[in-house]
There are 2 protein chains.
Amino acid sequence: MTLSEENYLKSIYILQKGRSTGVSTTVLAQYLETKPASTTEMIKKLHEKELVIYQPYQGVMLNENGEKFALHVIRKHRLWETFLAEKLNFSWDEIHDVAEQLEHIHSEKLVRELDRFLGYPKQDPHGDPIPDAQGKMLKMEKKRISQLKKGDQGKCIGVNDTSSSFLQFLDKQAIKLGSAIEILNVEDFDQTMTVKVDGKKLLLSKIATENIYIRL
Amino acid sequence: MTLSEENYLKSIYILQKGRSTGVSTTVLAQYLETKPASTTEMIKKLHEKELVIYQPYQGVMLNENGEKFALHVIRKHRLWETFLAEKLNFSWDEIHDVAEQLEHIHSEKLVRELDRFLGYPKQDPHGDPIPDAQGKMLKMEKKRISQLKKGDQGKCIGVNDTSSSFLQFLDKQAIKLGSAIEILNVEDFDQTMTVKVDGKKLLLSKIATENIYIRL
DNA sequence: ATTTATATTTAGGCAAACCTAAAAAATATA
DNA sequence: TATATTTTTTAGGTTTGCCTAAATATAAAT
């Protein structure tokens with residue numbers, strides 16, 4: 001399994017999550033920052049290796065086998081993220097690029113021992129669940145801040161957008177995993193919310209509140 | 001800097017160590033398990049990038065710039081080796097393959113933080129010195145067991161051969177970093193040595209004694 | 001000093017993963 | 001339904017790093 005193949009499988013998994021329909025060539029190409037023509041090529045290769053379900057013009061889906069590989073890559077990615085955040089003082093926005101490289105290291109022992117070393121964590125620093133060696137993971141009861149109403153309270157358990165600009169914004173606002181959240185007010189006009197985060201009052205735009213996950 | 005370029009620079013550094021002459025194409029090719037033709041190609045590329053000194057048929061040497069990069073890769077390799085051995089329970093022979101992959105991860109922050117996390121180690125689990133961020137490292141007073149004579153005593157501080165068969169052999173004999181070594185006898189005929197290792201009497205062949213480093 | 005052997009380089013190809021441009025299929029619109 | 005637009009695929013190229021086979025340079029042996 002090459003680095004590129006792993007990236008395609010992982011991306012298909014992420015883009016497909018929740019949807020019943022296949023992932024389109026163009027969407028996949030955009031996500032991977034390549035061109036549709038390159039994507040078609042790789043999809044055909046993955047199809048020949050029996051890792052995806054594919055019919056020309058119909059998009060692509062992982063089959064059972066492909067999902068197994070995708071989940072393994074995601075497991076490694078999230079374990080490394082945890083390592084970087086907990087042991088190496090990486091901030092939310094610095095984690096991603098490095099984990100993107102580390103997820104492609106091949107060694108079963110490494111993954112097993114890293115998991116043990118970290119104390120078998122169930123979720124990564126973004127609040128996403130970490131698949132176990134069998135690919136099983138918790139699904140979490142989570143809501144976006146934007147779904148809450150005045151007076152609701154909860155804990156920050158993750159983010160949706162993982163772009164570095166958003167993660168830097170969160171760092172700047174001192175919003176982090178575990179932060180206590182309380183909704184003080186929702187502006188009718190533009191859904192801007194006034195929120196208490198670890199005791200500090202903040203104003204969050206709609207786009208921000210849609211990208212932060214909370215457990216009540 | 002590509003993964004291949006990094007591997008060539010590192011290998012030239014290691015093969016050149018101690019020698020004043022350049023490293024020959026064939027030797028480099030063997031070390032990297034490629035063909036001489038491929039090696040010539042890469043040497044030319046590194047020469048164009050001004051990382052090595054090269055004239056056709058005269059072998060290759062690192063210039064100052066190339067050495068800087070080589071030492072950086074070696075620094076990363078040895079820090080990761082230390083991490084694998086100390087934190088993840090890797091045995092001597094399991095370390096190498098994984099460190100070989102990890103050394104190519106690109107992130108200055110990662111290296112810096114890993115170094116701190118490990119407590120700024122000065123040598124790796126094989127007893128080799130770890131270059132600092134400036135490429136400086138301790139050089140150690142070390143001798144091969146084969147250079148010692150009856151009655152000499154010392155501590156095991158490293159190995160020369162890092163092939164997995166040799167490292168497995170050492171694990172089996174319970175010879176490890178820090179083991180107390182005492183020479184009990186040297187056989188005139190074939191230089192086979194009787195050695196006390198941490199109190200246990202062992203027989204070591206010439207080829208074994210040549211590949212274990214000792215500090216008196 | 002030739003010849004022979006070995007080491008190195010050159011020439012021409014191959015696979016992976018990308019690209020652009022053009023063709024074909026699917027979808028949307030008039 | 002016919003046409004226009006968008007999406008997807010195909011065709012043909014590029015780069016990196018590898019290969020084999022052949023040519024050339026260097027070193028060793030007679």
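All chains are named by letter (A, B, ...) in the order of the sequence lines, taking the proteins before the strands, and each is independently numbered beginning at 1.
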task: Quickly work out the A:Glu33 CD to C:dA17 C1' distance and round it to whole Å.
output: 16 Å
statement: B:Ala37 has its side chain closest, among C:dT10, D:dC18, D:dT10, to C:dT10
- prompt: Hey, mind stepping through B:Glu103 and B:Arg75 against salt bridge (charged side-chain N to carboxylate O under 4.0 Å, His left out) and telling me if it holds?
  reply: CA-CA 8 Å; B:Glu103 75 189 7; B:Arg75 167 168 166 76; over 6 Å; no
- prompt: For B:Lys142, does the NZ atom sit with more than 12 other heavy atoms under 6.0 Å from it, leaving out its own atoms?
  reply: yes
- request: Measure the distance from CD on A:Glu6 to C1' on C:dA16 and round it to the nearest whole Å.
  value: 15 Å
message: If you take the centroid of each ring, where Trp contributes its six-membered ring, are A:Phe83 and B:Phe83 closer together than 6.0 Å?
response: yes
query: Atom CD of A:Glu5 to atom P of C:dA15: distance rounded to whole Å?
result: 15 Å
statement: So OH of A:Tyr120 and CG of A:Asp115: to nearest 0.5 Å the spacing works out to 6.5 Å
query: A:Ser4 near the nucleic acid: base, sugar-phosphate alone, or nothing, with a heavy-atom cut-off under 4.0 Å?
result: sugar-phosphate
task: Starting from P on C:dT9, measure out to CE on B:Met42 and report it in whole angstrom.
output: 15 Å
- request: Have a look at A:Thr25 and say if it touches a base, only the backbone sugar-phosphate, or nothing, with a 4.0 Å heavy-atom cut-off.
  value: sugar-phosphate
- prompt: Using a cut-off of 4.0 Å on non-hydrogen atoms, how would the nucleic acid contact of B:Thr2 be classed: base, sugar-phosphate, or nothing?
  reply: sugar-phosphate
task: For A:Pro36, answer base if it contacts any base atom (sugar-phosphate contacts may also be present), sugar-phosphate if it contacts only those atoms, and nothing otherwise; contact means non-hydrogen atoms under 4.0 Å.
output: base
- request: Using whole Å, report how far NE2 of A:His47 lies from C1' of D:dT9.
  value: 15 Å
field: Length of the line joining B:Glu41:CD and D:dT16:C1', which is rounded to integer Å
entry: 9 Å
- prompt: Taking the side chain of A:Lys35 as heavy atoms from C-beta outward, which of C:dT20, D:dT20, D:dG17 is closest to it?
  reply: C:dT20
- prompt: Looking at the rings of A:His77 and A:His96, which for Trp means the six-membered one, are their centres under 6.0 Å apart?
  reply: yes
field: Short side-chain N/O contact to D:dT9 OP1/OP2 from A:Thr40, under 4.0 Å
entry: yes
message: Nearest to the A:Tyr57 side chain among D:dA11, C:dA25, D:dG17, which nucleotide is it?
response: C:dA25
task: Provide, to the nearest angstrom, the distance between the CD1 atom belonging to A:Ile43 and the P atom belonging to D:dT9.
output: 6 Å
query: OP1 or OP2 of C:dT9 less than 4.0 angstrom from a side-chain nitrogen or oxygen of B:Tyr54, does that happen here?
result: yes
query: So which nucleotide does C:dA30 pair with, by the Watson-Crick or G-U wobble rule with both distances under 3.5 Å?
result: D:dT1
field: N/O (side chain, A:Lys44) to phosphate O (OP1/OP2, D:dT10) under 4.0 Å
entry: yes
message: Considering every strand and a 4.0 Å limit on heavy-atom distances, what is the contact class for A:Ser24: base, sugar-phosphate, or nothing?
response: sugar-phosphate
query: Roughly, in whole Å, what's the span from CD in A:Gln55 to C1' in C:dA25?
result: 14 Å
